[in-house]
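One structure is given here, and the rest of the page talks about it.
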Amino acid sequence: MGPDQLPKAYEPVEIEKRWYEYWQENKLFHADDHKVGREYSIVIPPPNVTGSLHMGHALNNTLQDILIRYHRMNGFNTLWMPGMDHAGIATQNVVERQLAEESLGRGDLGREKFIERVWTWKKHSGGIIINQLKRLGCSCDWDRERFTMDEGLSRAVREVFVRLYEDGLIYKGDYIVNWCPRCHTALSDLEVEHEDASGSLWHIRYPVEDSDEVLVVATTRPETMLGDTAVAVNPTDTRYAHLVGKNAVLPLVGRKLKIVGDNVVAVDFGTGALKVTPSHDMTDFEIGARHNLEHVTIMDSNGRITAAGIHFQGMDRYECRKAIVKELEEKGFLVKVEPYTVGLGKCYRCKDVVEPLISKQWFVKVAPLAEQALRAVEDGRTTIIPEHWTKTYYDWMTNIRDWCVSRQIWWGHRIPAWTCRDCGEIIVARETPTLCPQCSGSRLEQETDVLDTWFSSALWPFSTMGWPDKTPLLDAFYPTSVLVTGFDILFFWVARMMMMGLKFMDDVPFKDVYIHALVRDEAGKKMSKSLGNVIDPLQVMDKFGTDAFRFTLAALAAQGRDIRLSESRIEGYRNFMNKIWNSTRFALPYIAAHPDVVMDRDALSLPDRWILSRLNATVRDVRHSIENYLFNDAAQSLYHFTWHEFCDWYIEEAKLPLSQENTPAAANTAAVLRHVLDALMRLLHPFIPFITEEVASKVDSQHATIINGPFPTVDESLMDTKAENLMDTLMEIITSIRTIRAEMNIAPGKALPAVIMASGTDASLVRSNARVVAALAKLSELTVNAPADESPKMAAAAVVGDMRVFVPLQGIIDPDVEIARLQKELGKIQKDYTAVNKKLTNPDFMSKADPEAIKKQQDREAELSAKSTGLVQALEKMQSLKSA
RNA sequence: GGGCGGGUAGCUCAGCGGGAGAGCGUCGGCCUUACAAGCCGAGGGUCACAGGUUCAAAUCCUGUUCCGCCUACCA
């Protein structure tokens, strides 16, 4: 298809497919393993194998691709490391659901068969999201794709576990943890989501032993009373202080409960007396530890009441709650029930309510690691952007609790620990041991738990590059340049990568952390399947094209603010793609007609110098914006330059010289067009890679691809503020005439004469660009007169700087309409003038303000004054003409 | 309870010490051969509220209020 036969509207589907294949076939995403000088690297936040592309991924990966493409074009050896996460619980749940459809549980298959089944599923459907990322245009180095459970990464996991254990940073013990009765595993504190729900506060009477006194306790979970082993009061509480040391008697059960004094008990909450259940409550566990209290476990891993729960044994936790309350009431122990909002902890994977339960778990002692991670941000080795997240990061690192890393599921990295059945020795080792080092017994049993999925994610920046081996890749690309992620995994992932990177690589994992927004729907709601408000990125790409979608995301990605995505916005940027396409359709024939013409810098017209200057300003802005993660600013600059400067003004103006075939002006204009289009496509390429490749390859067939740059640099010799100012004046003249035309209801097709009264440089500016002004304002004739000359009679007037612009409208103009128009305009000017004048006559302003600010106001005053004078004269003239 | 972000044109949002901006929508006029997914023009805001700092405040400080999020052992 020849350049002049391009389709009228941009059609993305075929073009996107073709270019992505081209990039891949030619290995254009591939990073050099070895250091070549300037390296740039990003590790992808590995999507879950269960996942399919959602808006969060789309935003996250679009931003990364912009950074990657930008740096690649700037000549960096650029690595974007892709891969996926095995996503322990999430994936196991998916496969368990599949089994459930066959009426099977994982127990029916057994561990080995179950894991086999997960792998099968992973191989079969786990790659979907990778293809979706390709659809999005992501230029990842696919040859290096990793998976958190592949062999290399599993080796890294074992190595880290063993070394942490050897350093005393991993321990195993009985502690109270968050337990999900549905997923049947412990969860870390982070994996519990807190949610308010309406519940009740039950007040229960606990008699004091050998006394008439009674302690009333308040609880939101009455069933846990079965496991009470104490009642705690604040030792400073005068109501109860005398009871400390005595015993209370647990209703229904009859167990003796120590009454202890502990200052976590809030005097002003409930009754000021707290029932203590060390086995089933986090706070109570700690009280129990302080006072050496007995543990009575009354609930099992399924959330059912154990034998310790007397006749409630076997009941589900909520069933038991009802039964207990009923019995308490019947026996007169229930004082009252208040409606109360309770904070429920829910499993972040299955949303079931978690139970605090005591069990044997593995923990990472994080305090020493966290301290390093905190310091690295404090001293600037890693910068968090936007900066305000730094405080959140510090707070978390400071108040961090040990990390429970064992999970009672099957899908994941099995903990590399063995117990000797003969002597009980625990062996933690990189390779499977055959004999017990303690007793030489061979009956070794491996730990059945697997590691928290975030344990392997924490190693991602170096495990993907071959660690624990010393590899050229690590040498070249670690620390990575930036991590791009959402704030929802700041603690889960970012903080832990910091800790592990510093511990095992002795350096931060990334120099920058860029935290982007959350994508919400039009109403500001978080997109979720259950709300039914998700916009599917794939459908969007089908409908509007990938480039339009990517540009939308970038344009909305202002720092520190969530994104509300709406289809109309994407549609707007789809139109932008079409605009780019059509400007190319316009330019190509001219470019093709002058294939060998080089832009002659000494023969540039004013509009040429203007657009080249604006182009370079845009280059400067875009570079600055991308380098500071101001994606929306970059998008805004590009949009404005492309549409409102290049298309609206430059191309329109260029039609005049281009139409003069076989002239140097036509040739040079074509050369400028080619220069600007080529640079523009390069500037836009990181944002909209497909259309820019297509256009660039048509503009200059010499370049097979622009993916490797170069990215335009600022050419100071083309910066021309003088040309910009002159062009601004011309545009103002043209606009003023167009405004008159529109406001006077003159048919756009009707050519009009105009008279401009100007002197000096103004006059020569207008004279030398008279044809441009005439063309763009659609004038039949443009006369330039001296200011002293008689101005046209019945004419609509405008003022531009010191110039008067007249459009003679004898017989068309209604003096009253023109008077009203001028008065309105004058009103606006005078309002501004008054404000400026007030400043300039204020002695405080004149003595204290910055001289530059004063100068600016003075200039402005002069400008407004000239305009005002011109308008007043025009007005007076019109009034006298009317009365005459 | 603590923390963070936000309240600017009808909508979505930029701006964050010296002339209130953009996109979309609205209104009026145009099929001007690159583009009607377009072109030309217009209208529209006491920048949440109240104080303060400053010659100057949408912009800085304090308080109030409303919204959103994160975090927390008041059961």
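Nothing here was measured: the structure is a model prediction, and the numbers come from that model. A note on names: the letters A, B, ... follow the listed sequences, proteins ahead of strands, and every chain is numbered from 1.
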Given the side-chain rings of [X] and [Y], with only the six-membered ring counted for Trp, is the space between their centroids under 6.0 Å?
X	Y	value
A:Phe285	A:His280	no
A:Trp643	A:Tyr639	yes
A:Phe549	A:Phe544	no
A:Tyr514	A:Phe631	yes

How would you label the contact of [X] with the nucleic acid (heavy atoms, under 4.0 Å): base, sugar-phosphate, or nothing?
X	answer
A:Val217	nothing
A:Ser583	base
A:Lys750	nothing
A:Thr735	sugar-phosphate
A:Lys856	nothing
A:Phe544	nothing
A:Lys8	sugar-phosphate
A:Ala742	sugar-phosphate
A:Ile746	nothing

Original post:
Quick one: does NZ or CZ of A:Arg738 land under 6.0 Å from the six-membered ring centre of A:Trp649, within 45 degrees of the ring axis?
Top reply: yes
Original post:
When you measure from the centre of the six-membered ring of A:Phe586, is the NZ or CZ of A:Lys655 under 6.0 Å away and within 45° of the axis?
Top reply: yes
**OP:** Could you please name the partner base of B:G41, counting Watson-Crick and G-U wobble pairs only when both distances are under 3.5 Å?
**Re:** B:C27
Under-3.5 Å N/O pairs linking protein and nucleotides 20-25 of chain B:
unit_1 : atom_1 : unit_2   : atom_2 : d
B:G23  : OP1    : A:His644 : NE2    : 3.2

Subject >> Check: A:Lys579 side chain, B:C35 base, donor-acceptor under 3.5 Å >> reply: yes
Original post:
So does A:Arg738 reach the base of B:G41 with its side chain, donor to acceptor, closer than 3.5 Å?
Top reply: no
Tell me whether [X] contacts the main-chain N or O of [Y] through its side chain, where contact means a donor paired with an acceptor under 3.5 Å.
X	Y	value
A:Asp237	A:Val233	no
A:Thr219	A:Arg221	yes
A:Asp284	A:Thr277	yes

Subject >> Side-chain ion pair, A:Arg574 and A:Glu571, N-O less than 4.0 Å >> reply: yes
Anything under 3.5 Å between a protein N or O and an N or O of nucleotides 71-73 of chain B, put it in a table, one pair a line.
unit_1 : atom_1 : unit_2   : atom_2 : d
B:C73  : OP1    : A:Arg401 : NH1    : 2.7
B:C73  : O2'    : A:Thr283 : OG1    : 2.4

Subject >> Nearest-Å distance for atom pair CG/C1', residues A:Asp633 and B:A14 >> reply: 8 Å
Original post:
Where the side chain of A:Ala9 is concerned, which of B:A75, B:A37, B:G3 is the nearest nucleotide?
Top reply: B:A37
Original post:
Under 3.5 Å, is there a donor-acceptor pair linking the side chains of A:Glu191 and A:Ser188?
Top reply: yes
**OP:** May I ask you to test the A:Tyr10-A:Val695 pair for a side-chain heavy-atom distance under 4.5 Å?
**Re:** no
Original post:
Nearest nucleotide by nearest heavy atom, which residue falls closer to the 5' end of RNA chain B, A:Asp648 or A:Lys828?
Top reply: A:Asp648
Original post:
Taking for each residue the nucleotide of RNA chain B bearing the nearest heavy atom, is the 5' side occupied by A:Ala747 or by A:Lys778?
Top reply: A:Ala747
Original post:
When the C1' atoms of B:C35 and B:G21 are considered, how many whole Å apart are they?
Top reply: 26 Å
Subject >> Nucleotide-resolved protein contact map, nucleotides 51-56 of chain B, B/S/- at heavy-atom distance under 4.0 Å >> reply: ----B-
